[in-house]
Amino acid sequence: NFSSSWADGLAFAALVHYHCPHLLDYHSLRAKNDPFHTCHAAFEAAYKVGIAKLLDVEDVVETPNPDQFS
């Protein structure tokens with residue numbers, strides 16, 4: 001479920017942290033409970049390892065039904 005399961009950014013952060021724990025402190029992001037910051041941090045960390053930014057944080061966090069094909 002892309003619209004609700006990913007909206008807080010923690011799923012993105014968990015994926016990045018699993019593969020590159022040195023780039024992202026998942027536990028501090030989870031404690032902060034700030035979806036915009038969490039998503040932004042996850043996208044920035046992923047970008048550092050070559051994953052292109054194809055989504056905007058606003059599209060994930062603020063849009064009730066983001067385009068699932070993005």
Taken to the nearest 0.5 Å, the spacing of Phe36 CZ from Glu62 CD works out to 7.0 Å

All heavy atoms of Ala13 vs all of Thr38, minimum pair found to be CB-CG2, 4.0 Å

On a heavy-atom basis, the closest approach of Cys39 and Gly9 is SG-CA, 3.8 Å

* Could you tell me whether Lys53 sits above the aromatic face of Tyr47, with NZ or CZ closer than 6.0 angstrom to the six-membered ring centre and within 45 degrees of the axis? => yes

Open item on the list: Parallel, tilted or perpendicular: which one describes the rings of Trp6 and Phe12, with boundaries at 30° and 60°?
Closed with: tilted

Those residues at least two apart in sequence (or on a different chain) that pass side-chain contact (heavy atoms from CB on, under 4.5 Å) with Leu23 are Cys20, Ala45, Lys48, Val49

Here the gap from His40 atom NE2 to Asp34 atom CG, rounded to the nearest 0.5 Å, amounts to 11.0 Å

In short, Ala46 meets Val16 closest at the heavy-atom pair CB-CG2, 4.0 Å

(Q) Any side-chain to backbone donor/acceptor pair from Asp8 onto Leu10? Under 3.5 Å, distance only. (A) yes

query: When clusters are formed by joining ILVMFWY residues with side-chain heavy atoms under 4.5 Å apart, either directly or through shared neighbours, do Val60 and Ile51 land in the same one?
result: no

In short, side chain to side chain donor-acceptor pair (under 3.5 Å) pairs touching residues 9-19 with sequence neighbours left out are none

Quiz item: Do Leu29 and Leu15 share a hydrophobic cluster (ILVMFWY, side-chain heavy atoms under 4.5 Å, transitive)?
Solution: no

